[in-house]
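What follows is a short report on a single structure.
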Amino acid sequence: MTEYNSLEKIRLQKLEELRAEGVEPYPTRAKRTHTSKQAIAEFELAEKDATPEVQATLAGRIRSMRTGGKVSFAHIEDGAGKIQLFLRINELNEKLSFFNKLFDLGDFIEASGVMFRTKSGEATLHVYDFKLLAKSVTPLPADKDVTLDDGTVVRHASLDNPELRARQRYADLAVNPEVRETFRKRAKLVQALRAFLDNHDFLEVETPILQPLYGGAAARPFTTHHNELDQDMYLRISFELYLKRLLVGNLERVYEIGRDFRNEGVSFKHNPEFTQLEFYWAYADYLQVMELTEQMVAYAAEQVTGSTQVTFGEHQIEFKPPWRRLEMRQGILEASGIDIAEQTTAEALFKAIKAKHPNKTPDPAATRGKMIDFLLGEFLEPTLIQPTFLYNYPRDISPLAKSIPGDALTVERFEGYIAGFELCNAFTELNDPLDQEQRFIEMGRDYTNDDEEKHPLDEDYLRAMRYGMPPNGGFGMGVDRLAMILLNKHSIREVLLFPALRKEE
RNA sequence: GGCUCCGUAGCUCAACGGCAGAGCAGUUGACUCUUAAUCAAUUGGUUACAGGUUCAAAUCCUGUCGGAGUCACCA
């Protein structure tokens, strides 16, 4: 049974009074002829005539009320904006006090009347009749600023608590217009990415989220169970292996935008489910993917913000191609003073790091690739503020990427870095089934200490590859992270409508 | 998971061993052009939860729950 607080009890009482007056507080249908924006625009146009006559029926939520005995004002807010209502006893008679007494902030109403301009100059609907559309029982968080006696203005942010804002995103959206704007822009971002790929002849596809075997990344999966099949299933950790199966099927350019699930830590840049974009491009290599990537992201930035240059915290980020290209060996050499090409084994590399940076050493049991990744994260990554393609990665941490001809330790892979963190990951895809099988086996050996993290060997994927897979370039990007950068939000929770939270109570 | 900080009225916050407060919101009344309306009066609390120390606990201690930050983890 719901327990109501004192404010809610008062509103429930009003709800009963409304019913007693014969007013249905939740009528089935609403009517409107104009949005707030349309009504104002139409009125401003009509004002050029001597006698503007714009009749309108508006619908929206009451956001402020200034009630009086014989005249009241209110603002309602709809999807397009806010508009003021003017209610006068002359037209409404006893309905005015009915409005003053029984209507509350947060109620949805429908109001009909004629547009006019108040003495203070605001385009306003002179209300001839109104109707309740939905009673609000729980008050929305108050939003108002107050000037104190000493003259200082205290802004009472309507809803500021990050936990409440995330848990009750509906209330956050209802009272914080800038939050609505953030999510409109996020939608625009996804639209722009989709439009860009569509225009480049990529086919949008949907592959299984619920999979008998997970793969395509090194991450712990969520596990579930299908009752009728009596079989464990996994929520996907990447789209990669399914999308590449489609290349075997002669679909030359495919992409998917959807949700990945990784059963790992939560942080300002990690949510257990996140939106991923992956595409695979037959007959292309990672250099061509690089070019397409910088074009795509620049296009998206422009569509979302109107410019290829955006502000992220203290940084001005310029997305206009071409982006900086930095070979990983060179980047790590400059950032840490260690040349990974000279250290061809894990043992040698560990010694070199320990000699140079005794306070910053990786796990001595790590593979060479993991140590290189450590150097990258520790020394190089924080310095990559402007969009940068870091390319040529160690083979042993890239089991799905193709080796550089003549270099057994390195693969054709790049990651895009912006504002000091990883945005995307791409490579010339491995299409040799025998090499791929070998890599799976190697991964299994490297990860034996941690069962959940090892790359499971996907027999069906190898079978698909044996039919023949065209050479291709593949790409993956965290859409939430791009949204963070474009919208200048420093936590992934700010760009997710409903971020993962522990359950209440 | 480790460490640090936080949880007080519907919302935003004070009080930091000595009577639990303010602004907004709410309630009652006044006001026929208000607009972050104004004026007068007024309601609202198991201080997240459980235990302990103390003459006295929102305040100090322990535990639990939830959150934030950070580290670890995360190609």
Side-chain angles (χ1 to χ4, degrees), chain A residues 4-11 13-14 63-75 82-92 96 100-101 104-106 116-122 124 126 137-149 152-168 171 175 216-220 237-238 262-270 272 274 363 367 369-370 372-374 376-377 381 390 393-394 396-401 411 413 415 421-422 425 427 443 447 450 452-453 455 476 490-491 493 501-505:
Chain A
Y4 294 100
N5 66 36
S6 60
L7 300 183
E8 291 168 330
K9 282 175 185 157
I10 289 165
R11 290 191 177 200
Q13 205 174 326
K14 289 181 181 181
R63 296 289 284 129
S64 67
M65 290 172 88
R66 295 168 292 282
T67 60
K70 299 197 173 60
V71 57
S72 292
F73 289 86
H75 274 94
K82 283 188 193 178
I83 188 168
Q84 182 168 249
L85 305 181
F86 175 62
L87 300 93
R88 202 167 60 160
I89 199 161
N90 307 41
E91 291 80 33
L92 297 170
L96 181 64
N100 290 346
K101 278 184 171 24
D104 288 298
L105 298 183
F116 79 114
R117 200 166 283 279
T118 61
K119 280 178 186 166
S120 51
E122 181 168 346
T124 299
H126 189 154
V137 174
T138 302
L140 287 170
D143 59 337
K144 209 164 221 188
D145 285 11
V146 178
T147 309
L148 301 177
D149 290 343
T152 56
V153 176
V154 178
R155 169 150 167 84
H156 293 282
S158 42
L159 185 58
D160 207 36
N161 181 319
E163 180 184 355
L164 270 188
R165 286 187 48 230
R167 264 192 215 289
Q168 302 189 27
V175 300
R220 295 211 301 256
I237 58 173
S238 99
R262 296 188 183 176
N263 205 341
E264 279 157 6
V266 176
S267 81
F268 74 95
K269 56 178 175 175
H270 297 271
F274 61 97
D363 176 3
T367 65
K370 285 247 176 188
I372 292 172
D373 196 46
F374 171 86
L376 166 61
E381 195 173 302
L390 197 62
Y393 274 63
D396 71 69
I397 56 168
S398 312
L400 301 163
V411 293
R413 169 178 173 187
E415 291 188 330
F421 63 82
E422 179 198 335
N425 180 19
F427 24 91
M443 287 309 285
Y447 285 82
D450 189 350
E452 288 183 307
E453 264 194 45
H455 247 77
H490 294 255
S491 165
R493 283 178 219 104
L501 294 170
R502 228 178 278 268
K503 75 177 174 197
E504 288 181 89
E505 289 159 346

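We name chains A, B, ... by the order of the sequence lines, and we start the count at 1 in each one.
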**Asked** Given Watson-Crick or G-U pairs with both distances under 3.5 Å, what dot-bracket string fits RNA chain B, with | for other-strand pairs and [ ] for crossing?
**Response** (((((((..((((....[..)))).(((((.......))))).....(((((..]....))))))))))))....
**Message:** Please enumerate all residues that pass ring-ring contact (aromatic ring centres under 6.0 Å, His included) together with Phe116(A), with sequence neighbours excluded.
**Reply:** Phe86(A), His126(A)
Using the [atom1] atom on both, measure [N] against [M] and round to a whole Å.
N      : M      : atom1 : result
C60(B) : C6(B)  : P     : 9 Å
G26(B) : C61(B) : P     : 40 Å
U12(B) : A68(B) : P     : 15 Å
G52(B) : A56(B) : C1'   : 15 Å
A48(B) : A15(B) : P     : 15 Å
A50(B) : U8(B)  : P     : 16 Å
C74(B) : C13(B) : P     : 36 Å
U62(B) : A9(B)  : P     : 24 Å

At 4.0 Å (heavy atoms only), tell me whether [X] reaches a base, stays on the sugar-phosphate, or touches nothing.
X         : answer
Arg502(A) : sugar-phosphate
Arg413(A) : base
Leu376(A) : nothing
Thr67(A)  : base
Glu8(A)   : nothing
Ile10(A)  : sugar-phosphate
Arg167(A) : sugar-phosphate
Arg165(A) : nothing
Phe116(A) : base

If only side-chain N and O atoms of [X] are considered, is one of them under 4.0 Å from the OP1 or OP2 phosphate oxygen of [N]?
X         : N      : answer
Arg262(A) : C73(B) : no
Lys9(A)   : G44(B) : no
Lys269(A) : G69(B) : no

Quick check for you: among [options], whose closest atom lies nearest to any side-chain atom of [X]?
X         : options                : answer
Leu105(A) : G67(B), G26(B), G69(B) : G26(B)
Val71(A)  : U32(B), G69(B), G67(B) : U32(B)
Arg88(A)  : U32(B), U34(B), C11(B) : U32(B)
Lys70(A)  : C33(B), G10(B), U32(B) : U32(B)
Ile89(A)  : U32(B), U27(B), C74(B) : U32(B)
Lys370(A) : C74(B), U70(B), G26(B) : C74(B)

**Message:** Between Asp104(A) and Arg11(A) (salt bridge meaning N to carboxylate O under 4.0 Å), is one present in this structure?
**Reply:** yes
**Asked** Has the side chain of Gln84(A) got a donor or acceptor atom sitting under 3.5 Å from an opposite partner on the base of U34(B)?
**Response** yes
